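Note sheet for the following structure.
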Amino acid sequence: MDLARPDLRPDPSLSRARMEALQRDIAAAAVFADDGAPEPAAVAIDKGASLADGLPPARDDVQERLGADAGPADAESPERGRDAPTVVGVDQAFLTDRADGRPDAAVSAAVALRGGRVVEYASATTPLSIPYVPGLLAFREGEPILAALDALDADPDLLVCDGSGRIHYREAGLATHVGVLRDVPSVGVAKSLLCGEPDEPTDERPEGWRTPIRADDAVTTAEPGTVIGHAFQSRQYPNSRRVNPLYVSPGHRVSAETAVALVAALCAGYKLPEPTRLADAHAERAKRDAE
DNA sequence: GCGACAG
DNA sequence: ATCTTGTCGC
């Protein structure tokens with residue numbers, strides 16, 4: 001999978017001003033409307049797959065400086081969802097230097113699902129370049145994620161990223177950045193809200209509830225009031241309702257409406273959608289194996 | 001100056 | 001994100 005727009009690479013060595021300028025270009029190139037994204041019904045996952053099922057056998061895939069390694073494809077049940085769209089979840093874990101105590105490297109994991117089954121996984125370990133800065137996450141995690149995606153043989157029909165897409169100061173969050181670079185439909189799934197304002201209070205909402213997130217003054221590239229994503233209550237407990245909602249936004253080639261619908265279809269009984277949950281577990285395991 | 005701020 | 005034990009509830 002080659003870069004569709006190599007000129008928009010999230011180069012961590014850029015100055016802050018250039019990073020922000022690049023994000024405006026990303027937002028201008030992004031398509032926040034349905035254009036080639038899978039139908040939510042086509043990617044729906046009903047069976048809450050057990051976490052162990054998605055976990056591949058342990059293997060050492062840590063590279064010295066910058067590298068990636070793909071694991072073997074899951075051999076089982078090829079009969080189901082053979083022609084279903086390929087959904088790829090990406091997530092990361094971080095290695096901390098034992099003596100130093102400082103973040104050392106990023107471990108990125110990409111998990112490909114088809115018909116609700118894991119068909120492939122990959123991970124990549126890359127040295128950390130810059131610290132986390134709100135609004136510039138793509139410049140810290142972008143390259144590591146691209147490395148993990150490069151290690152994947154599967155061709156994604158949809159990318160599910162851990163972080164915001166259009167819900168961003170310049171409408172160019174991590175999901176949008178990666179989606180535009182690869183020109184692949186993508187959605188952003190964040191556990192907290194970066195900017196924007198929900199139409200209604202999000203506290204104590206029932207499972208399945210959602211409300212639009214509209215651009216506020218913090219979003220400098222959109223008219224205030226523009227719907228840039230949704231708060232979505234993916235999970236809730238019967239009695240003590242205190243699970244925070246997810247903040248879902250379009251990355252690239254999907255509308256805000258379809259983005260939530262896709263994430264809702266990809267949830268199977270847990271707060272996080274399956275692609276994200278599994279990528280989370282793989283990144284965690286790859287990190288553990290590296291220590 | 002103060003507050004807000006994905007992972 | 002990461003550092004960490006118990007604990008409440010299904």
Side-chain angles (χ1 to χ4, degrees), chain A residues 10 12 16 19-20 23 26-27 48 89-109 125-146 148 159-179 186-198 202 204 207 213 215-220 228-232 235-251 259 263 269-273 276-277 279-288 290-291:
Chain A
R16 180 174 186 133
M19 288 179 177
E20 296 183 352
Q23 291 184 324
I26 292 283
V90 291
D91 192 25
Q92 330 205 53
F94 295 87
L95 291 167
T96 53
D97 185 39
R98 211 168 127 67
D100 189 88
R102 301 290 109 197
D104 201 41
V107 179
S108 299
T125 299
T126 68
L128 280 181
S129 41
I130 59 172
Y132 164 70
V133 176
L136 300 178
L137 184 64
F139 293 89
R140 175 179 170 85
E141 305 193 347
E143 299 277 34
I145 287 174
L146 294 173
L159 249 34
V160 181
C161 300
D162 61 313
S164 288
R166 194 181 185 183
I167 295 180
H168 180 270
Y169 306 131
R170 290 164 292 280
E171 296 179 279
L174 181 63
T176 300
H177 208 133
V178 175
S186 64
V187 299
V189 179
K191 292 180 288 297
S192 58
L193 190 59
L194 175 63
C195 58
E197 200 65 33
T202 61
E204 302 187 7
E207 207 166 287
I213 299 293
D216 57 9
D217 293 335
V219 183
T220 62
I228 54 178
H230 289 83
F232 172 55
R235 176 86 156 110
Q236 196 55 278
Y237 298 134
N239 264 338
S240 63
R241 41 196 55 190
R242 43 174 193 173
V243 178
N244 294 133
L246 252 28
Y247 296 93
V248 182
S249 57
V263 170
Y270 297 87
K271 173 174 178 174
L272 295 174
T276 303
R277 257 184 80 238
D280 202 292
H282 286 292
E284 221 50 61
R285 187 189 57 77
K287 172 190 172 181
R288 176 177 60 74
E291 291 176 327

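Quantities reported herein were computed from a predicted structural model and do not represent experimental measurements. Letters go in sequence order (proteins before strands), and every chain restarts at 1.
The line from CG of A:N244 to NZ of A:K271 is 5.0 Å long, rounded to the nearest 0.5 Å. A distance of 10.0 Å separates OG1 of A:T176 from CD1 of A:I167, quoted to the nearest 0.5 Å. If you take CG on A:L128 and CG on A:L95, they are separated by 8.5 Å, rounding to the nearest 0.5 Å. A distance of 4.5 Å separates CG in A:D280 from CG in A:D91, rounded to the nearest 0.5 Å. Within the model, atoms CD of A:E141 and CG of A:L136 stand 12.0 Å from one another, a figure rounded to the nearest 0.5 Å.
Between A:I167 atom CD1 and B:dA4 atom P there is a gap of 19 Å when expressed in whole angstrom units. At whole-Å resolution of the value, CG in A:L174 and P in B:dC5 are 19 Å apart. At whole-Å resolution of the value, CZ in A:F94 and P in B:dA6 are 14 Å apart. Atom OH in A:Y247 sits about 16 Å away from atom C1' in B:dG7, given to the nearest Å. Between the C1' atom of B:dA6 and the CG atom of A:L136 lies a distance of 11 Å, rounded to the nearest Å.
With contacts defined as side-chain heavy-atom distances shorter than 4.5 Å, the pair A:E20/A:Y169 does not qualify.
With C:dC8, C:dT2, B:dC5 as the choices, the nucleotide that has an atom nearest any side-chain atom of A:R242 turns out to be C:dC8. Between C:dT2, B:dA6, C:dA1, one nucleotide has an atom nearer to the side chain of A:S192 than all others, and that is B:dA6. Closest to the side chain of A:L194, out of B:dC5, C:dC8, B:dG7, is B:dC5.
Annotated stems with DNA chain C as a participant are lacking; only runs of 3 or more Watson-Crick or G-U pairs under 3.5 Å would qualify.
Stacking between A:Y132 and C:dA1 is absent: the ring centroid is not both under 5.5 Å from the six-membered base ring centre and under 30° in plane angle.
Side-chain nitrogen and oxygen atoms of A:K191 include at least one within less than 4.0 Å of the OP1 or OP2 phosphate oxygen of C:dA1.
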